[in-house]
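Here the structure comes first, spelled out in structure tokens, and everything after it is commentary.
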Amino acid sequence: MSLRAPKGTDDILPPESRHWRRLLRLWDDLVERYGYELVMTPIFELTEVFARGVGEATEVVEKQMYTFADKGGRSLTLRPESTAGVVRAYIQGGRSGVFKGAYSGPMFRYEQPQQGRRRQFWQLGVEYIGEEAVEADLEVIEVGYRYTTDAGLADVVVQVNSIGDPPDRAAYLMVLTDFLEAIHGDLSDDAASRIATNPLRVLDSKADAEVLVDAPVPTDHLSSETRAHFDALLAGLERREIPYELAPRLVRGLDYYNRTVFEYVPAGYDAAQSAVGGGGRYDGLSELLGGPHLPSTGLALGLDRILVALGDGVSEPPLDAFVVVTAPARRAVAWQLVGSLRDSGLRVDAVASERSVKAQFRAANRRDAAAVVVVGDEWDSGNVVVKVLATGQETTVAVQHLAAQLEQT
Ligand code: HAM
């Protein structure tokens with residue numbers, strides 16, 4: 001039997017990969033405009049980075065990590081997310097002050113695979129490190145909203161909540177635990193087992209939604225300072241005209257958050273995993289990793305899920321032109337033409353070997369070129385024939401006007 005890719009992973013080939021290329025470029029352009037610099041951290045980290053950063057009692061650390069011992073006996077883990085690694089890199093690099101970093105790359109979680117839930121998946125993220133102002137939270141929320149909207153998702157709504165600071169949460173968790181213990185018998189086994197280890201996570205258990213309707217929520221237990229921060233966040237979202245919904249039960253699956261948490265949900269997207277991205281504030285993460293106090297906020301979007309939500313849209317042709325040559329004697333000039341069109345910024349290709357005109361046209365069609373440029377007898381009078389493949393329309397074009405003409409096709 002031939003070998004297959006591991007379960008929950010994907011090969012991204014054309015034509016699907018054309019959508020990926022467009023969306024990866026869109027991301028790089030957008031975050032650069034917002035002043036985020038590229039940050040690249042290892043795909044594997046010491047397991048402790050995630051155990052301490054993401055939290056021992058989270059589903060990600062408990063059940064989903066790809067952890068292995070290397071030949072030196074170190075426990076390493078394929079990154080299930082990037083926030084902990086980026087903060088680790090900031091601390092290790094001896095940085096101070098504000099740092100705005102953006103990344104794009106594969107993450108790994110051992111999950112039950114389904115559409116939009118993969119074992120290797122791609123995140124696009126930003127981390128705004130060293131800034132406590134609510135404007136930083138607003139900016140990262142805006143980056144994710146702009147990106148999903150520019151990518152083509154309609155009616156994305158940002159679900160927002162505040163889970164307070166640790167002192168708010170300590171008071172809240174006591175009230176929540178009392179409530180959960182009282183309804184213990186009605187909870188699913190999974191939720192019931194979490195009361196002692198991570199009661200906050202019980203709150204957004206989808207399986208227990210009905211019995212949790214009357215559960216106390218974090219926003220009822222905010223201090224005046226965290227309340228003011230949340231109110232300023234909501235006012236800022238209004239000002240920036242970012243559509244949001246209050247999500248009092250949203251707590252997110254990673255332990256490092258405080259205050260702001262949010263997720264992006266496109267309207268009408270009802271796959272089991274509805275959030276195409278999420279994030280929040282994590283003022284305490286640096287200290288968990290042995291660094292200084294470092295108020296920070298960030299977000300990550302799931303590219304696989306964005307693509308599922310977008311559906312199979314028509315992609316742009318990957319080539320502006322495919323050069324076809326009618327006589328072997330003109331192959332050298334045809335390749336020169338390919339070179340000069342590429343120099344002028346066009347996406348151009350041709351068949352490498354000597355083939356019939358028919359075979360070259362077949363190749364042009366297979367490659368989904370927008371147009372074929374025929375180097376034939378007209379060449380001697382300085383012209384080529386351009387055939388637009390979508391319409392079949394043919395025109396004779398002077399070689400010196402060819403690049404301009406193809407740009408308009
Ligand atoms: P997260 O919510 O765990 O947050 O992941 C962010 C996004 O990654 C999700 O909304 C989803 O779109 C995508 N995602 C997660 N797991 C999978 C999967 N198995 N298959 C496909 N897509 C998936 C974080 O990872 C945080 N680091 C976000 C953050 C950055 N918070 C602050 N800064």
Side-chain angles (χ1 to χ4, degrees), residues 7-10 12 23 27 31 36 39 41 45 49-50 53-55 58-61 63-66 78-88 90 99-129 131 136-137 139-141 143-144 147-148 151 153 156 158-161 163 201 204 247 250-266 269 271-286 294-310:
K7 185 172 170 183
T9 68
D10 302 290
I12 315 290
L23 292 178
W27 175 254
V31 293
Y36 290 85
V39 51
T41 57
E45 296 271 358
V49 170
F50 306 113
V54 174
T58 60
E59 208 159 315
V60 170
V61 171
K63 298 187 188 154
Q64 299 179 340
M65 297 211 298
Y66 281 91
L78 297 184
R79 61 184 186 193
E81 62 103 52
S82 267
T83 311
V86 171
V87 172
R88 195 261 320 128
Y90 176 101
F99 173 72
K100 293 173 68 173
Y103 53 86
S104 161
M107 311 290 153
F108 307 85
R109 294 184 193 176
Y110 190 81
E111 297 205 68
Q112 207 40 51
Q114 53 178 267
Q115 199 181 43
R117 191 197 279 171
R118 317 301 298 149
R119 289 185 175 171
Q120 174 171 331
F121 58 98
W122 196 281
Q123 276 190 353
L124 307 166
V126 295
E127 308 298 348
Y128 200 142
I129 296 178
E131 182 54 81
D137 304 64
E139 182 181 281
V140 297
I141 292 176
V143 166
Y147 182 77
T148 49
L153 289 180
V156 173
V158 186
Q159 305 206 324
V160 278
N161 195 19
I163 55 169
R201 282 302 290 164
D204 71 353
L250 178 69
V251 293
R252 311 248 319 120
L254 314 164
D255 274 359
Y256 47 61
Y257 292 117
N258 67 307
R259 300 196 179 192
T260 315
V261 287
F262 59 89
E263 285 187 346
Y264 302 89
V265 182
Y269 182 50
Q273 297 295 308
S274 55
V276 294
R281 179 159 278 283
Y282 50 90
D283 298 342
L285 174 57
S286 167
L294 201 60
S296 305
T297 181
L299 87 97
L301 297 162
L303 192 46
D304 305 72
R305 286 199 195 159
I306 290 175
L307 280 150
V308 171
L310 281 172

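Just so you know, ligand 1 is whichever comes first in the structure, and atom 1 is the first atom listed for that ligand.
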Exercise for review: Measure across F50 and A84 and return the closest heavy-atom pair with its distance rounded to 0.1 Å.
Suggested key: CD2-CB, 4.2 Å

Check your understanding: Heavy-atom count around Y110 OH within 6.0 Å, excluding the residue itself: above 12?
Key -> no

**Study point:** Any residue meeting salt bridge (Lys or Arg N to Asp or Glu O under 4.0 Å) with E131, in chain and number order, not counting sequence neighbours
**Key:** none

Please give the N or O to N or O pairs under 3.5 Å between ligand 1 and the protein, distances rounded to 0.1 Å.
{"from": "ligand 1", "atom 1": "2 (O)", "to": "R252", "atom 2": "NH1", "distance (Å)": "2.8"}
{"from": "ligand 1", "atom 1": "2 (O)", "to": "R252", "atom 2": "NH2", "distance (Å)": "3.0"}
{"from": "ligand 1", "atom 1": "3 (O)", "to": "R109", "atom 2": "NH1", "distance (Å)": "3.0"}
{"from": "ligand 1", "atom 1": "3 (O)", "to": "R109", "atom 2": "NH2", "distance (Å)": "2.9"}
{"from": "ligand 1", "atom 1": "4 (O)", "to": "R252", "atom 2": "NH2", "distance (Å)": "2.9"}
{"from": "ligand 1", "atom 1": "5 (O)", "to": "Q123", "atom 2": "NE2", "distance (Å)": "3.1"}
{"from": "ligand 1", "atom 1": "8 (O)", "to": "Q123", "atom 2": "NE2", "distance (Å)": "3.2"}
{"from": "ligand 1", "atom 1": "10 (O)", "to": "G277", "atom 2": "N", "distance (Å)": "3.2"}
{"from": "ligand 1", "atom 1": "12 (O)", "to": "A275", "atom 2": "O", "distance (Å)": "3.3"}
{"from": "ligand 1", "atom 1": "12 (O)", "to": "V276", "atom 2": "O", "distance (Å)": "3.1"}
{"from": "ligand 1", "atom 1": "12 (O)", "to": "G302", "atom 2": "N", "distance (Å)": "3.3"}
{"from": "ligand 1", "atom 1": "16 (N)", "to": "R109", "atom 2": "NH1", "distance (Å)": "3.4"}
{"from": "ligand 1", "atom 1": "19 (N)", "to": "E111", "atom 2": "OE2", "distance (Å)": "2.5"}
{"from": "ligand 1", "atom 1": "19 (N)", "to": "R118", "atom 2": "O", "distance (Å)": "2.8"}
{"from": "ligand 1", "atom 1": "20 (N)", "to": "R118", "atom 2": "N", "distance (Å)": "2.9"}
{"from": "ligand 1", "atom 1": "25 (O)", "to": "R109", "atom 2": "NH2", "distance (Å)": "3.1"}
{"from": "ligand 1", "atom 1": "25 (O)", "to": "Q123", "atom 2": "NE2", "distance (Å)": "3.0"}
{"from": "ligand 1", "atom 1": "27 (N)", "to": "E81", "atom 2": "OE1", "distance (Å)": "2.6"}
{"from": "ligand 1", "atom 1": "27 (N)", "to": "T83", "atom 2": "OG1", "distance (Å)": "2.8"}
{"from": "ligand 1", "atom 1": "27 (N)", "to": "Y256", "atom 2": "OH", "distance (Å)": "3.0"}
{"from": "ligand 1", "atom 1": "31 (N)", "to": "Y257", "atom 2": "OH", "distance (Å)": "2.7"}
{"from": "ligand 1", "atom 1": "33 (N)", "to": "T83", "atom 2": "OG1", "distance (Å)": "3.2"}
{"from": "ligand 1", "atom 1": "33 (N)", "to": "E127", "atom 2": "OE1", "distance (Å)": "2.8"}
{"from": "ligand 1", "atom 1": "33 (N)", "to": "E127", "atom 2": "OE2", "distance (Å)": "3.2"}
{"from": "ligand 1", "atom 1": "33 (N)", "to": "L299", "atom 2": "N", "distance (Å)": "3.3"}

Exercise for review: With sequence neighbours excluded, tell me which residues meet salt bridge (Lys or Arg N to Asp or Glu O under 4.0 Å) with R79.
Suggested key: none

**Study point:** Any pair counted as salt bridge (charged side-chain N to carboxylate O under 4.0 Å, His left out), so long as it reaches residues 118-128, sequence neighbours left out
**Key:** D10-R118

Review point. Quick one: does W27's side chain have a donor or acceptor within less than 3.5 Å of a partner on Y103's backbone?
Key: yes

